[in-house]
Amino acid sequence: MSGAYLEWRRVSRGDAAPHTSSMKLALLILLLLNPHLSSSKNTPASGQPQEDLVEQKCLLKNYTHHSCDKVFCQPWQKCIEGTCACKLPYQCPKAGTPVCATNGRGYPTYCHLKSFECLHPEIKFSNNGTCTAEEKFNVSLIYGSTDTEGIVQVKLVDQDEKMFICKNSWSTVEANVACFDLGFPLGVRDIQGRFNIPVNLKINSTECLHVRCQGVETSLAECTFTKRSSKASHGLAGVVCYTQDADFPTSQSFQCVNGKRIPQEKACDGVNDCGDRSDELCCKGCRGQAFLCKSGVCIPNQHKCNGEVDCITGDDESGCEEDKKNKIHKGLARSDQGGETEIETEETEMLTPDMDTERKRIKSLLPKLSCGVKRNSHIRRKRVVGGKPAEVGDYPWQVAIKDGERITCGGIYIGGCWILTAAHCVRPSRYRNYQIWTSLLDWLKPNSQLAVQGVSRVVVHEKYNGATYQNDIALVEMKKHPGKKECELINSVPACVPWSPYLFQPNDRCIISGWGREKDNQKVYSLRWGEVDLIGNCSKFYPGRYYEKEMQCAGTSDGSIDACKGDSGGPLVCKDVNNVTYVWGIVSWGENCGKPEFPGVYTRVASYFDWISYYVGRPLISQYNV
Ligand code: 4AZ
């Protein structure tokens, strides 16, 4: 945590620290960025220490369930400049079953309807199949003292009677969806309440319905309703929806991005108490059983190893074979309230179609990017101090940039005809002088896989600063071979372009490669590689010269592995839990080579996702098709 940041914290808590003018300015800027701070953003009035599971610096970014830095977008959305935006219906996969909306209109698939709803939120999902006049799903509240609360009643499309929901199938997840459906955009306030249930109301427990939502629905009609043969009496589900006038006391509360306040102890518990998930997206740890994604997001424990990736870092679905075996061994399965309970043996009758399965199916039908996965990997052999020699196919995204007679820099193939490199490596006006050598190992003994491409264009970042090395990033477009529509690089594989700054963290181990000099300035002719760790807080090594958002330091504690002169423009790649390789950095600068007190500095590629996609086109590098 930086000193400046600590200072701000003191100011926001209202301590008696004298306000310097720079502190006042910083506070003003922060308030402009987040108006909620002016009330009591996670700063209890009692002045108690802040909740330490929450990452304060991250909160300032106001992340919600629409922030693709932190979450995956829905299949009917696309990630643009950090926000999940609505796709147009025609961008949905064509396959699927027809569905009906609340406006009585039919849509060819669930994705088409959800995409339409994304643009016109007043129209919601009603039912599967074709639209007929009588069929209407309906939710209402009864026995409450105001219209914001009550026992939940639903009328399913093909049932005549309104029915109650069983309390044991009811959680914050379902209650949020019910409140959204009823027109309370901030979701649920409480699932307990004092309701005026008539004493003569006799409900047979078999008459209540079970409901299961995923938490991404906007109407209860999208959740799955079942009827169970259980004879046990469980009580009926009720809800108090959240309204601003029925506010929580301001002390000890967490301020959600949507303006809702929730008890502080509900932040980072895996449950979307805010309704916009803003209480789960900036976490250093999670409460109870919730699972902490490497990206700092808490998800409910039952989403771990459920076959759907929830963490952008993929860690909720890795190592699941072990987990599954354990679960089966212990006879454990998903329970209603978040924990794990014994598998229920009662019969269940499905009353509504399973739209969650439909949503997963749509996801699987979306086009997938092929990047970051090597075609054939083999076992490495030789080892050399300060890096090891690479073998054919080890770094299929690594390219060499030849300027005239000399190989001056490295580069990274990112797909199509595009090479990513450092701005200080190239000049747009010199594009005719450049050649891109792919699949090269040793430039004294060119291997058979080697291919050489001309260059048609060089784009240097508009804000590249040669004095400070800020925005040291450039794109090189290769020429297509005559008569060809695409750049066909048979032996090359693109590295994936990271779209979120949370995909990798300090201390993650990554790989650098290049033809750069050895520590003793000795020339190198064959491609070498080495493992380095991402380093946080790099300002301490380069005070005043390190720009956190644009740069990333990496190295080893003894400095033995480092990039050096000639490696510039080349890759710092990191592998995710699924062994997919991302270009996390571009070799940019550093004081000397191989000195532990001066780690290598790389351009932080994730910060330039939008800049890159502007030139190369979103579909080439975007995980979400556009
Ligand atoms: C260079 O001159 C250079 N040790 C590249 C990387 C580093 C230092 C210098 C990092 O291209």
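All values derive from a computational prediction rather than experimental measurement. Order of listing sets the numbers, starting from 1, for every ligand and every atom in it.
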Charged tip of K402 within 45° of Y434 ring normal and under 6.0 Å: no

Spell out, with a plain yes or no, whether C298 and C286 have SG atoms under 2.5 Å apart. yes

For Y395, does the six-membered ring have the charged nitrogen or CZ of K374 within the cation-pi criterion, i.e. under 6.0 angstrom from the centroid and within 45° of the normal? yes

With respect to the side-chain SG atoms, do C574 and C510 come within less than 2.5 Å? yes

Residues 449-460 side chain polar contacts: donor-acceptor under 3.5 Å, at least two apart:
{"unit_1": "Q449", "atom_1": "OE1", "unit_2": "N447", "atom_2": "ND2", "d": "3.0"}
{"unit_1": "Q453", "atom_1": "OE1", "unit_2": "H481", "atom_2": "NE2", "d": "3.3"}
{"unit_1": "S456", "atom_1": "OG", "unit_2": "E477", "atom_2": "O", "d": "3.3"}
{"unit_1": "R457", "atom_1": "NE", "unit_2": "E477", "atom_2": "OE1", "d": "3.3"}

May I have the N/O to N/O pairs between ligand 1 and the protein that fall below 3.5 Å, each with atom names and distance to one decimal?
{"unit_1": "ligand 1", "atom_1": "4 (N)", "unit_2": "D562", "atom_2": "OD1", "d": "3.3"}
{"unit_1": "ligand 1", "atom_1": "4 (N)", "unit_2": "D562", "atom_2": "OD2", "d": "2.8"}
{"unit_1": "ligand 1", "atom_1": "4 (N)", "unit_2": "A563", "atom_2": "O", "d": "2.8"}
{"unit_1": "ligand 1", "atom_1": "4 (N)", "unit_2": "N592", "atom_2": "O", "d": "3.1"}
{"unit_1": "ligand 1", "atom_1": "11 (O)", "unit_2": "S568", "atom_2": "OG", "d": "2.7"}

Can you classify the ring geometry of Y525 versus W443 as parallel (below 30°), tilted (30 to 60°) or perpendicular (above 60°)? tilted

